[in-house]
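Remarks on the structure that follows.
FYI, side chains are in, hydrogens and waters are out, and symmetry mates aren't considered; it's all heavy atoms of this structure. What you see is a predicted model; the values in this text were computed from it and never measured.
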Amino acid sequence: MIIIQNGTLVSSQRTWRADIALEGGKIHQIAPRLTPRPGDEVVSAEGLLVFPGFIDPHTHLDMDNGLLTTADDFPSGTLAALCGGTTALVDFATQDRGGTLKDALALWHRKADGRSSCHYAFHMAVTDWNETTRQELPAMVEAGVTSLKVYLAYDALRISDFVLLEILKLCRNLGLQIGCHCENGDLVNFLQKEELGLGHTGPGGHPASRPPVVEAEAISRYCYVARLAQCPVTVVHLSSAAGLEEVRKARRGGQTVYAETCPQYLLLDESRYGLPGFEGAKFVMSPPLRSPADVEALRRAVAEGEIQTIATDHCSYHYATQKILGREDFTKIPNGAPGLEHRPALFYSSFVAPGLTGPETMCALLAENPARQYGMWPQKGCLAQGSDADLVLWDPRAKWTVSAAFQHQKVDYTPYEGMVLTGRAKAVYLDGVLAAQDGEPVRTGLGRYIPRATIS
């Protein structure tokens, strides 16, 4: 048995001093004071916060966009996640046009099974709606895939409003969670052509072709269709004040709308697209970075409890060999950025350390809420007897600098290069096994698939 002594345990509701015992991959006991027996391993957590393992509910690992494959696969991405304190992630298995959900799920299992260093689950991205796809949804639930994603942008991925309504109705009946990439694809296509026609071929054309109104319109439409279907919905990677206002409007109308945002939208702004040379390409992601006013609006929303989860949308491409392919045309810059390894420290440093939120909020946004929303509670995201022994011992005093030179993400840059952060994962336990310490791996390959329950 491992006994972690004298730490400050954290839940979404409180912090408290207690010892915690781990045995057989589970939390065996929590008490104000535990007395070790002969043979027990004792770990001091004096001065440390003890969190349930963090969960990233939005990643893209080993993803083929039709031209390129992301830099991070499951071996590298899950290792990076673990070193930063993330013990579980939910990646997107994506149906090919003309393909089946069954085949997509089997492919993602081949990518991840036996190759992962943190636990993993899958959302299913539906891109080709037909009778076969419709009939496959119950089998997805049986396989533990209890959340779907749809796109309102990208010609190879997006669905019509008619299909959206039908999917939402089925999700309501089956208890499936559904998230949506909310951008108006037709408007994006028009604006991209307009920017190129004006000779705006560099990275600055990207945010100009995807302004906040493009996101806000899609969120509004998504929520109205969801109202018609009477289905709860999630807006993923919320990036703008205008989009946030559409979420608020739907909630005022009585709808259940979950909102996810990402560190990049809380810490970085659109000035990055004006960096010298082609450096702005490092920040080409969709939705794009927004204005400082948008950043501040989202930060206030986080502090005031309007955001339910902080994910990364980790989708990494090498700058030197992949992003560079769009040097003459911003529409050919592969969309996405890395962030999986640094998310917990970025949040702690920018919200908890300066007192904007407490560690309880961090626990809610990065662990408990994603576990509850995506059918992993109380096995994950929870410090309680019988829950899985996925823990993070967090050093709130650690000072360190983010650098691509020392990251485990298999990509040649980080959007947060040079940021000086406060707080870091001191030790990370996966199923009660010490798997990472001081930002470095101790044990690899321990990750397992998490079949998830539906949420009533």
field: Glu360/Arg14 ion pair, N-O < 4.0 Å
entry: no
- request: Measure up the His123 and Tyr374 rings against each other and bin them: parallel (under 30°), tilted (30 to 60°), perpendicular (over 60°).
  value: perpendicular
- prompt: Is Leu346 close to Met419 at the side-chain level, that is, under 4.5 Å between some pair of heavy atoms?
  reply: yes
- prompt: More than 12 heavy atoms of other residues, nucleotides or ligands under 6.0 Å from CZ of Arg443: is that the case?
  reply: no
- prompt: Do the side chain of Asp269 and the main chain of Leu289 share a donor and acceptor less than 3.5 angstrom apart?
  reply: no
query: Can you tell if the side chain of Phe278 reaches within under 4.5 Å of the side chain of Ile324, non-hydrogen atoms only?
result: yes
message: Going by salt bridge (charged side-chain N to carboxylate O under 4.0 Å, His left out), name the residues that satisfy it together with Arg158, two or more places apart in sequence or in a different chain.
response: Asp155, Asp186
message: With a 3.5 Å distance limit and no angle check, can you tell me whether Tyr151 reaches the backbone of Gly185 through a side-chain donor-acceptor pair?
response: no
query: Quick one: does His181's side chain have a donor or acceptor within less than 3.5 Å of a partner on Val150's backbone?
result: no
- prompt: Atom CG in Leu325, atom CG in Leu67: separation rounded to 0.5 Å?
  reply: 9.0 Å
message: Determine whether Tyr449 and His109 satisfy the following criterion, ring pair (Phe, Tyr, Trp, His ring centres under 6.0 Å), listing intermediate values before the conclusion.
response: CA-CA 8 Å; Tyr449 174 63; His109 271 297; 4.6 Å; yes
- prompt: Are any of the side-chain heavy atoms of Thr422 and Pro396 separated by less than 4.5 Å?
  reply: no
message: Can you confirm whether the side chains of Gln177 and Thr234 place a donor and an acceptor under 3.5 Å from each other?
response: no
message: Using side-chain heavy atoms (C-beta onward) and a distance below 4.5 Å, is Val428 in contact with Thr86?
response: no
message: Under the criterion side chain to side chain contact (heavy atoms under 4.5 Å, CB included), I'd like the reasoning laid out for Val10 against Leu383: C-alpha separation, chi angles, the key distance, then a yes or no.
response: CA-CA 8 Å; Val10 186; Leu383 295 181; 5.5 Å; no
- prompt: Quick one: do the Trp129 and Glu166 side chains pair a donor with an acceptor below 3.5 Å?
  reply: yes
message: Please enumerate all residues that pass salt bridge (charged side-chain N to carboxylate O under 4.0 Å, His left out) together with Asp19, with sequence neighbours excluded.
response: Arg33
- prompt: Just by distance, do the side chain of Lys323 and the backbone of Pro334 share a donor-acceptor pair under 3.5 Å?
  reply: yes
Pair Arg290 + Glu296, salt bridge at N-O below 4.0 Å: no
- prompt: So, Asn130 and Thr133: side-chain donor and acceptor under 3.5 Å apart, yes or no?
  reply: yes
Step-by-step side chain to side chain contact (heavy atoms under 4.5 Å, CB included) determination, Thr69 to Met63: CA-CA 5 Å; Thr69 301; Met63 187 191 76; over 6 Å; no
message: Walk me through whether His60 and Asp91 qualify under side chain to side chain donor-acceptor pair (under 3.5 Å).
response: CA-CA 6 Å; His60 298 279; Asp91 202 75; 5.7 Å; no
- prompt: Counting N and O atoms only, with roles assigned by atom type, does the side chain of Glu368 sit under 3.5 Å from a partner on the main chain of Ala364, one being a donor and the other an acceptor?
  reply: no
query: Should Tyr429 and Ile4 be marked as a side chain to side chain contact (heavy atoms under 4.5 Å, CB included) after you check the CA-CA gap, both sets of side-chain angles, and the distance that decides it?
result: CA-CA 11 Å; Tyr429 288 84; Ile4 299 170; 4.2 Å; yes
task: Enter the distance from Ile307:CD1 to Tyr258:OH here, rounded to the nearest 0.5 Å.
output: 14.0 Å
- prompt: Should the ring pair Tyr348 and Trp394 be called parallel, tilted or perpendicular, given that the plane angle runs from 0 to 90° and is split at 30 and 60?
  reply: tilted
- prompt: For Gln5 and Ser44, what are the C-alpha separation, side-chain angles and deciding distance, and is it a side chain to side chain donor-acceptor pair (under 3.5 Å)?
  reply: CA-CA 5 Å; Gln5 291 186 331; Ser44 174; over 6 Å; no
query: What is the distance from atom CG of Asp128 to atom OG1 of Thr94, rounded to the nearest 0.5 Å?
result: 13.0 Å
- prompt: Nearest 0.5 Å, what's the OG1-CG distance between Thr361 and Leu366?
  reply: 11.0 Å
- prompt: Would you say the side-chain atoms of Thr309 and Asn369 include a donor-acceptor pair closer than 3.5 Å?
  reply: no
- prompt: Would His58 and Glu260 count as a side chain to side chain contact (heavy atoms under 4.5 Å, CB included) if you check the C-alpha gap in whole Å, the side-chain angles of each, and the deciding distance to 0.1 Å?
  reply: CA-CA 9 Å; His58 190 149; Glu260 165 201 290; 2.8 Å; yes
- request: Would you check if Leu89 and Ile55 make a side-chain contact, meaning some heavy-atom pair closer than 4.5 Å?
  value: no
task: Could you tell me whether Arg299 sits above the aromatic face of Phe351, with NZ or CZ closer than 6.0 angstrom to the six-membered ring centre and within 45 degrees of the axis?
output: yes
- request: Please check if the side chain of Glu215 supplies one atom and the backbone of Glu183 the other of a donor-acceptor pair under 3.5 Å.
  value: no
message: So does Ala311 get a backbone contact from the side chain of Arg343, meaning a donor-acceptor N/O pair under 3.5 Å?
response: no
message: Less than 3.5 Å apart, any donor N or O on the side chain of Asp72 or Thr70 sitting next to an acceptor on the other?
response: no
- prompt: To the nearest 0.5 Å, what is the distance between CG (Leu176) and CG (Leu168)?
  reply: 11.0 Å
message: A side-chain contact here means heavy atoms from C-beta on lying under 4.5 Å apart; do Pro287 and Arg210 qualify?
response: no
Heavy atoms of other groups near Gln13 CD, more than 12 under 6.0 Å: no
message: Would you say that more than 12 heavy atoms from the other residues, nucleotides or ligands in this model lie under 6.0 Å from the NZ of Lys102, or not?
response: no
query: Cation-pi between Lys149 and Phe92: NZ/CZ under 6.0 Å from ring centre and within 45° of the ring axis?
result: yes
message: With rounding to the nearest 0.5 angstrom, report the CE to CG distance, Met140 to Leu137.
response: 8.0 Å
query: Where the side chain of Arg115 meets the backbone of Lys111, is there a donor-acceptor pair that is under 3.5 Å apart?
result: yes
- prompt: Between the main-chain N or O of Val411 and the side-chain N or O of Gln407, is there a donor-acceptor pair closer than 3.5 Å?
  reply: yes
- prompt: Is it true that Asp113 and Arg448 make a salt bridge, defined as a side-chain N closer than 4.0 Å to a carboxylate O?
  reply: no
message: Tell me whether the rings of Phe122 and Phe74 are parallel (<30°), tilted (30 to 60°) or perpendicular (>60°).
response: perpendicular
Test salt bridge (charged side-chain N to carboxylate O under 4.0 Å, His left out) applied to Glu246 and Arg251, step by step: CA-CA 9 Å; Glu246 294 302 326; Arg251 288 173 176 169; over 6 Å; no
- prompt: Heavy-atom distance under 4.5 Å between the side chains of Cys382 and Trp377, does that happen here?
  reply: yes
task: Apply side chain to side chain donor-acceptor pair (under 3.5 Å) to the pair Thr59 and Asp56, showing each step before the final yes or no.
output: CA-CA 7 Å; Thr59 68; Asp56 190 337; 5.9 Å; no
query: Taking atom types as modelled, is there a side-chain donor on Glu341 or His314 under 3.5 Å from an acceptor on the other?
result: no
field: Asp390 bridged to Lys380 by N-O distance under 4.0 Å
entry: yes
message: Checking the side chain of Asp73 only, and the main-chain atoms of Ser76 only, is there a donor and an acceptor separated by less than 3.5 Å?
response: yes
message: Does any part of the side chain of Thr414, heavy atoms only, come nearer than 4.5 Å to the side chain of His342, both counted from C-beta?
response: yes
task: Examine Lys282 relative to Tyr319 and say whether NZ or CZ is less than 6.0 Å from the centre of the six-membered ring and inside a 45° cone about the ring axis.
output: yes
